[in-house]
Amino acid sequence: MPADQTVDHTAELTAELDAERAHMAASRAALHGMREHAEAMYAIGAKIAGDPFSAETLGVALARRVAELADDPRTPLFFGRLDLDGGAESGAGPVPGAAPEPGAGPVTGRYHIGRRHVTDQLGEPLVLDWRAPVSRAFYQASARAPQGVRIRRRFGFAGGDLTSFEDERLDQGEELGTTSKILIEEIERPRVGPMRDIVATIQPEQDELVRADLDTSICVQGAPGTGKTAVGLHRAAYLLYLHRERLRRTGVLILGPNPAFLGYISAVLPALGELEVRQATLEGLIGRVPVAGGDPVEAEVVKHDPRMATVLRRALWSRLGRADSAIQVSDGAYRWRIDPGVLTRLVDDTRREDPAYLLGRERVRARVVGLLQRQAETRSGESPGEPWQRRMGKAKPVVEFLDACWPAVTPQSLVFELLSDAEVLARAAEGILTEAECQALRWPRRFRSVKSVRWSSADLVLLDEAAGLLEREPSLHHIIIDEAQDLSPMQCRAIARRTTHGSITLLGDLAQGTAPWSATDWAESLRHLGKPDAAVVPLTTGFRVPEAVVALANRLLPALEVNVPPAVSLRSDGSLVLRRVEDLAAEVVAELAATRSLPGSVGVIAADRHLDELRAALVAAGEEPGELHAPGRVTVVPATLAKGLEYDHVIVVEPAEIVDAEPRGLHRLYVVLTRAVTRLTVLHARPLPGALGTDALDQAVGPAVPAPA
């Protein structure tokens, strides 16, 4: 190419980049104007509202709007651009399970795609929300199916500043896919602090899951680094965009395995403008009492067993009795009477209706009052009013009959009686549990009353099951459950009671199951969740965990005895070092020194017994290790809490002790080994677990250890 043509081409690219920077500046100014307008509306909202309630409601809505329009200058307002020729629908092709999107139709023009919608003063879009119908083509279009896209442009950024761009001319068959330099750089960008959104890098198979219809339940079996957590969070954001008012009334809930995990993902949805999604652990969701005690593993396993639902149901309904005498209720000069046979039939008929227990009790009360009312009407010819009905319902003979034949009960009193009275447990568990299981269930110490019980975490699932028998739980419209492989059948039942009329997104990896009751087959979990027909969709391509790290972890799969496909990685970069050492703490300090010049976060993961020693060694070396709730550059992480977290550099200390610490220790090690997104160093004084094929690995030291043939 002649020199002058090269200069012209460079000048053209520079002009393009300058134009895009100008559009970014204009978009930021427009967003600032939108926020100022929202703040002005908030300031006068109380004056224009008609009454205090309307003022409060409007104030909440406007305050939310102001917060949603906050701008972080370190985050680019847009990350892509579409040039459309109008040759396809904006919805662009059917996506299995995807919701129909309003406004779909042939579209032409140029659209910048970003994290939120930004308009100018005339209402013209400067940036389209990534969830808008037109934006779907940014993720789904390909050279084979361009969906009306002439050019797809991706932008590179540094600290919020636009630095480069990359074009794919789909109408000419050009498609970079996962060879896109900008895409790979964004995926591999160092991770410091909480989890980030992935709107700039969502892949087509992820996008299909994100845009699945609200009423569709799905299960994502995702290998490490495949983005399953991000898929769930972005699905929440997408559903709120498409069904905001509907979901604002009925709710979206994200369930995570522990508070550390929830803290790690907490920034994703706010970065996408979604501030109202509730996040909780399962214990936080179902916790009706404080957890102050613990259980032996044998007792925990039985309490989480689905047979306990039948035991509790038996224990509850066995409380019903039969009327052995008539009831007589005084009413001024009169006395109304109901014979025992009538009362017994009334209880039996109500029981056959299979109501929630407390609803059944109130039905029986109402029907007794109805019989008394009929006698009063026959006597006087007039129907007594509601005050009379309430008085009859509280009359001593009526209450005594209810307490004898349909007694009041609370979740705590039901479980207390079951676990503290051997005879009650034996009757309820007959033919269901073995004597050894009953023995494991019974409390070793005798509590004097319900108030004195030191409830355990496993007791919470029994209390929630009991509560579900007493009263129906209100149904949420959608629950996203992460690390779901560790849910017990009883925990699944607790979630099912809260999605009777809703849907779920189940996210997990059977290979990462570490609880004694961890799932080995998604079909069983989905059955207990009340969604047996949900599709199970595998994600096997890892975008974040390097190939060498994935290969090492995959060596454990045969020993884990789960039917999951091995993960594969698109990343040939990264490093893996395995080193046998004498002084673990000293080697950790040395390894940290080697990472000091490298960008990103460092996680030091070890069994519990090493944590204090490692923290002390780091402090003595001048490091300031962060905590899980407040991570720093370096965080010391218990192996038991590493699930769902990720760090640029991970130092795993003594794998053999991680394995020995619990019955499913190999599964725990699989989790720990897959937390690194750039560099993994494994330090060990003891031989590595045999499942890793230690003969080859023990000899390997260096920037990368190839998986043996």
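Only a predicted model underlies this, so the values are computations on that prediction, with no experimental measurement involved.
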- prompt: Are D660 and R686 ion-paired here, with the side-chain N under 4.0 Å from a carboxylate O?
  reply: yes
- line: So CD of Q512 and CG of L560: to nearest 0.5 Å the spacing works out to 10.0 Å
- request: Drop me the distance from R679's CZ to S575's OG, to the nearest 0.5 angstrom.
  value: 4.5 Å
message: Salt bridge or not between E166 and K181? Use side-chain N to carboxylate O under 4.0 Å.
response: no
message: Using the rule given for ring-ring contact (aromatic ring centres under 6.0 Å, His included), can you reason through F79 versus F138, listing the C-alpha separation, both sets of side-chain angles and the distance that settles it, and then say yes or no?
response: CA-CA 10 Å; F79 48 81; F138 183 79; 5.7 Å; yes
query: Taking 4.0 angstrom as the limit, do K228 and D482 come out as a salt bridge?
result: no
field: Salt bridge R115-D197, side-chain N to carboxylate O under 4.0 Å
entry: yes
- request: Could you tell me the separation between the NE2 atom of H684 and the CD1 atom of I658, rounded to the nearest 0.5 Å?
  value: 12.0 Å
query: Do the charged groups of E646 and R675 touch, with an N to O distance under 4.0 Å?
result: no
- request: Over 60° means perpendicular and under 30° means parallel, so classify the ring planes of H112 and H23, tilted if in between.
  value: parallel
task: For salt bridge (Lys or Arg N to Asp or Glu O under 4.0 Å), just list the numbers for K643 and E483, CA-CA rounded to whole Å, side-chain angles, deciding distance to a tenth of an Å, and then say yes or no.
output: CA-CA 8 Å; K643 193 171 295 182; E483 301 299 343; 5.0 Å; no
Interatomic distance, S503 atom OG to K531 atom NZ [nearest 0.5 angstrom]: 6.5 Å
field: Straight-line distance of T635 OG1 to R615 CZ, nearest 0.5 Å
entry: 10.0 Å
Ionic contact status for E623 with R596, cut-off 4.0 Å: yes
- line: Rounded to the nearest 0.5 angstrom, the CG-CD distance for L688 and E654 is 8.0 Å
Residue pair V682 / R579, side-chain heavy-atom distance below 4.5 Å: no
message: Does R664 form a salt bridge (Lys or Arg N to Asp or Glu O under 4.0 Å) with E561? I'd like the steps, not just the answer.
response: CA-CA 11 Å; R664 294 173 68 89; E561 298 181 344; over 6 Å; no
message: With a 3.5 Å distance limit and no angle check, can you tell me whether T540 reaches the backbone of A567 through a side-chain donor-acceptor pair?
response: no
query: How about F165 and F157: are their ring centroids closer than 6.0 Å?
result: no
- prompt: Please walk me through it: do D171 and R169 pass salt bridge (Lys or Arg N to Asp or Glu O under 4.0 Å)?
  reply: CA-CA 5 Å; D171 60 342; R169 298 183 177 276; 5.7 Å; no
task: Taking only Lys NZ, Arg NE, NH1 and NH2, and the carboxylate oxygens of Asp or Glu, determine whether E20 and R153 approach each other closer than 4.0 Å.
output: yes
message: Quick check: do T505 and I479 have side-chain heavy atoms less than 4.5 Å from each other?
response: no
message: Tell me whether R131 contacts the main-chain N or O of A237 through its side chain, where contact means a donor paired with an acceptor under 3.5 Å.
response: yes
- prompt: Taking NZ, NE, NH1 and NH2 as the nitrogens, is one of them in R633 or E624 under 4.0 Å from a carboxylate oxygen of the other?
  reply: no
field: E587 with R580: basic N within carboxylate O range, under 4.0 Å
entry: no
